[in-house]
Amino acid sequence: MANSFLGLDERIEDYLMRNSLREPDVLRRLREETVASNPHAEMAVSPIQGQFMMLLVKLIGAVKTLEVGVFTGYSSLCTALALPPNGRVVACDVSEEWTSVARRYWAEAGVADKVTLRLAPAVETLDALLRDGQAGTFDFAFIDADKPNYDNYYERALKLVRRGGLIIFDNMLWSGKVADPSVQDAQTVALRALNEKLHHDERVFVSLLPLRDGISLAVKQCD
């Protein structure tokens, strides 16, 4: 699993791993199992990115969080470990196979009671949460799933998080493809459009950062 899609020098990657990363053993083993056994291991967040997310969760004092796209569970485990004992993660995915790995590591880490896994198309899950009256009750959301639906996830997550809540989007630079107008596949077009939308969306305060494959941070400014 590569730690950078944007050409960061390998020496710098190694330096970051040695001098910044405090990766619990359970996270390390999950990461290594994913690399060894899953042909799509590059979909997982890097350990440096996971630690940054943990820092943000702690920084905003998050208690109730949302994840769209679980894969084998590295990012959700990072979030759950960073939450207080009463913290909760609503995790959305469609793969029983991949999330079975996540569930095993949630249990091993002692955070299974913090995570509610919803196996269904995420738009359906988010709409159900809104119907249940949970708008404005989440502190934090992480979106890392099918790219053409990112805007659908954004609009629903924006309703679900509280004012001052944080939404993080992964893969927003898409290996640099978003900056190449000749690339017009559906995933790139969707990410490019969302970047432009976020740039001008006054409902959020936003920053797009070149961390790994690009992440956008959006803080909700409206009620």
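Quick caveat: nothing in here was measured; it's all calculated off a predicted structure.
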Show me the side-chain donor-acceptor pairs of residues 87-96 shorter than 3.5 Å, one per line, residues at least two apart or across chains.
unit_1 : atom_1 : unit_2 : atom_2 : d
D93    : OD1    : S95    : N      : 2.9
D93    : OD2    : V70    : N      : 2.7
D93    : OD2    : F71    : N      : 3.1
S95    : OG     : E97    : N      : 3.4
S95    : OG     : W98    : N      : 3.0
E96    : OE2    : R103   : NH2    : 2.4

- When you look at V123 and Y153, which way does the side-chain contact (heavy atoms from CB on, under 4.5 Å) test go after all the steps? CA-CA 7 Å; V123 167; Y153 302 146; 3.6 Å; yes

Flag side-chain contact, heavy atom, 4.5 Å: [X] against [Y]:
{"X": "V161", "Y": "L166", "answer": "no"}
{"X": "T99", "Y": "L119", "answer": "yes"}
{"X": "L217", "Y": "L56", "answer": "yes"}
{"X": "L129", "Y": "F138", "answer": "yes"}
{"X": "I60", "Y": "F140", "answer": "yes"}
{"X": "V204", "Y": "I167", "answer": "no"}

- Item | Sequence neighbours excluded - side-chain hydrogen bond (donor to acceptor under 3.5 Å, both in side chains) pairs with any residue from residues 180-189 |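 Pairs touching residues 180-189 that pass the test: W174-T188, D180-S182, D185-T188.
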
- Task: Enumerate the residue pairs fulfilling side-chain hydrogen bond (donor to acceptor under 3.5 Å, both in side chains) with a member in residues 156-167, sequence neighbours excluded, ordered by first and then second residue.
- Result: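 Non-adjacent pairs meeting side-chain hydrogen bond (donor to acceptor under 3.5 Å, both in side chains): D127-R156, D139-R162, R163-D223.
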
Check the hydrophobic clustering (I, L, V, M, F, W, Y; side-chain heavy atoms under 4.5 Å; chains of links allowed) and say if [X] and [Y] are grouped together.
{"X": "V206", "Y": "L158", "answer": "yes"}
{"X": "V189", "Y": "L191", "answer": "no"}
{"X": "V183", "Y": "L173", "answer": "no"}

- Task: Assess whether atom CZ of R22 is packed by more than 12 heavy atoms of other residues, nucleotides or ligands within 6.0 Å.
- Result: no

- Item | Exceeds 12 heavy-atom contacts within 6.0 angstrom, atom NE2 of H199 | no

Please tabulate, one pair per line, all N/O donor-acceptor pairs under 3.5 Å involving side-chain atoms of residues 76-83, not counting sequence neighbours.
unit_1 : atom_1 : unit_2 : atom_2 : d
S76    : OG     : G73    : O      : 3.1
S76    : OG     : W106   : NE1    : 3.1
T79    : OG1    : S75    : O      : 3.1

Distance check, rounded to the nearest 0.5 Å: [X] atom [atom1] versus [Y] atom [atom2]?
{"X": "L194", "Y": "Y150", "atom1": "CG", "atom2": "OH", "answer": "9.0 Å"}
{"X": "E196", "Y": "D201", "atom1": "CD", "atom2": "CG", "answer": "12.0 Å"}
{"X": "F52", "Y": "L21", "atom1": "CZ", "atom2": "CG", "answer": "14.5 Å"}
{"X": "I215", "Y": "I168", "atom1": "CD1", "atom2": "CD1", "answer": "5.5 Å"}
{"X": "E32", "Y": "L27", "atom1": "CD", "atom2": "CG", "answer": "11.0 Å"}
{"X": "I143", "Y": "N171", "atom1": "CD1", "atom2": "CG", "answer": "12.0 Å"}

Under 3.5 Å: donor-acceptor pair, side chain of [X], backbone of [Y]:
{"X": "K220", "Y": "A218", "value": "no"}
{"X": "Q51", "Y": "S20", "value": "yes"}
{"X": "N195", "Y": "M172", "value": "yes"}
{"X": "N19", "Y": "Y15", "value": "yes"}
{"X": "D213", "Y": "S175", "value": "yes"}

[X]/[Y] ion pair, N-O < 4.0 Å:
{"X": "D25", "Y": "R28", "answer": "yes"}
{"X": "R118", "Y": "E67", "answer": "no"}
{"X": "R29", "Y": "E33", "answer": "no"}

- Message: For E124, give me all partners under salt bridge (Lys or Arg N to Asp or Glu O under 4.0 Å), at least two apart in sequence or on another chain.
- Response: none

- Task: Starting from the C-alpha separation in whole Å, work towards a yes-or-no answer on side-chain contact (heavy atoms from CB on, under 4.5 Å) for T34 and Y74.
- Result: CA-CA 9 Å; T34 301; Y74 193 93; over 6 Å; no

- Begin from the C-alpha positions of E13 and R212 and carry the test salt bridge (Lys or Arg N to Asp or Glu O under 4.0 Å) through to its verdict. CA-CA 10 Å; E13 289 285 352; R212 203 185 184 220; over 6 Å; no

- Would you kindly say whether Q49 and D170 are connected by a side-chain donor-acceptor distance under 3.5 Å?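 Short answer, yes.
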
Atom of [X], atom of [Y] and distance for their closest heavy-atom approach:
{"X": "L198", "Y": "Y154", "answer": "CD2-CZ, 3.6 Å"}
{"X": "E23", "Y": "P47", "answer": "OE2-CB, 3.7 Å"}
{"X": "A190", "Y": "P148", "answer": "CB-CA, 3.7 Å"}

- Test side-chain contact (heavy atoms from CB on, under 4.5 Å) applied to L66 and F142, step by step: CA-CA 6 Å; L66 176 68; F142 178 55; over 6 Å; no

- Steps toward side-chain contact (heavy atoms from CB on, under 4.5 Å) verdict (R11, D14): CA-CA 5 Å; R11 293 172 302 170; D14 291 342; 5.6 Å; no

- Note on the structure: Sorted by chain and number, sequence neighbours left out, side-chain contact (heavy atoms from CB on, under 4.5 Å) with N86 holds for V63, P84

